[in-house]
Visitor: 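Supplied in structure tokens, the structure appears directly below.
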Amino acid sequence: MRLDKFLAHHGFGTRKEVKSLIKKGFVSVNENIVKVDKVHVDPYHDVIKVNNELIEYEENVYYMLNKPAGYVSATEDQIHPTVIDLIDDYHPDLFPVGRLDIDTEGLLIITNDGHLAHQLLSPKKHCSKIYYARIKGIVTQDDVDLFLKGIVIDNNYQCQSAYLKILTTYQDESEVEIEIFEGKFHQIKKMFLSIGKEVLYLKRIQMKQLILDESLQLGEYRRITDEELYRLKQ
Ligand code: URA
């Protein structure tokens, strides 16, 4: 991995700011001052210091991505770009926590922490996920009640209770928020289909306590803060 990238990802500023740190002689690798930013380092074995302070290599990283449509929630794909293509990071083992459909936008956690992913995705944990959706048709209080009772999808699968909140209805469309506690394939689209309505737009806005940072434009991401991570792990 390039030294400038290593430092940028450990919070020493933008790639440009980091290059300037290196040029000014603040950075050493294995006790030798390095003034060339293109130098490659081995983050697992090299001793990298800034201003004589050792920089510990971070084993696990956690990002919140505002997923745009058109990207698949996978690490590799033959046809479409993947959400991992959006992340400029040196960790080779990053993956998305769960899946959003190719046309779904919003909150996706990207990490290399398999344990956390398991905790969040395990059906036994009933982890809450909240989506904003635009629906073709008028969503009614009867629909809210049906979602609460448990919608049947895939012919015979009875979904757990879901909380549907009607935000607005106009002409032949509705805006809603829906909270589910499981993650079946195309679950929300199928739940609406089973009540004869179509999802026109879907965006995940929250997963457990983690709320999508609205300052992130589509395709942008940021580190999950220590406090956010602490709450995610509860
Ligand atoms: N439910 C869906 O139908 N699609 C998603 O992307 C997420 C939940």
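In this chain, numbering begins with 1 at the start of the sequence shown. All ligand and atom numbering here is 1-based and tracks the order in the structure.
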Visitor: Mind checking whether Tyr57 and Tyr44 have parallel, tilted or perpendicular rings, split at 30° and 60°?
Guide: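 Judged by the thresholds at 30° and 60°, the geometry between Tyr57 and Tyr44 is perpendicular.
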
Visitor: May I ask you to identify the nearest protein heavy atom to atom 1 (N) of ligand 1, giving residue, atom name and distance to one decimal place in Å?
Guide: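 Checking every protein heavy atom, the shortest distance to atom 1 (N) of ligand 1 gives Ile188 N, 3.1 Å.
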
Visitor: Given salt bridge (Lys or Arg N to Asp or Glu O under 4.0 Å), test Glu105 with Arg134 step by step and report yes or no.
Guide: CA-CA 12 Å; Glu105 295 180 351; Arg134 266 194 311 113; over 6 Å; no

Visitor: Hey, are the side chains of Leu210 and Arg231 touching, using non-hydrogen atoms and a 4.5 Å cut-off?
Guide: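 With C-beta onward as the side chain, the pair stays apart.
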
Visitor: Checking contacts here: is it the side chain or the backbone of Val199 that comes within 4.0 Å of ligand 1, counting heavy atoms only? Could be both or neither.
Guide: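 Contact part for Val199 vs ligand 1: neither.
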
Visitor: Under 3.5 Å, N or O to N or O, is Thr104 touching ligand 1 that way?
Guide: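 Yes: some nitrogen or oxygen of Thr104 is under 3.5 Å from one in ligand 1.
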
Visitor: One pair to check against ring-ring contact (aromatic ring centres under 6.0 Å, His included): Phe147 and Phe192. What are the steps and the verdict?
Guide: CA-CA 9 Å; Phe147 273 59; Phe192 278 99; 5.0 Å; yes

Visitor: Under a 4.5 Å cut-off applied to non-hydrogen side-chain atoms, are Glu31 and Lys49 in contact?
Guide: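 Result yes, sub-4.5 Å side-chain heavy-atom pair found.
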
Visitor: Under 4.0 Å from a heavy atom of Gln187: which atoms of ligand 1 are those, numbered in the order shown and with their elements?
Guide: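 Every atom of ligand 1 under 4.0 Å from some heavy atom of Gln187: 1 (N), 2 (C), 3 (O).
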
Visitor: Distance to 0.1 Å, residue and atom name: give those for the protein heavy atom nearest to atom 8 (C) of ligand 1.
Guide: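 Its nearest protein heavy-atom neighbour is Tyr131 OH, 3.5 Å.
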
Visitor: Please write down residue, atom name and distance for the protein heavy atom closest to atom 4 (N) of ligand 1.
Guide: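 Answer, as residue, atom name and distance: Asp101 OD2, 2.7 Å.
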
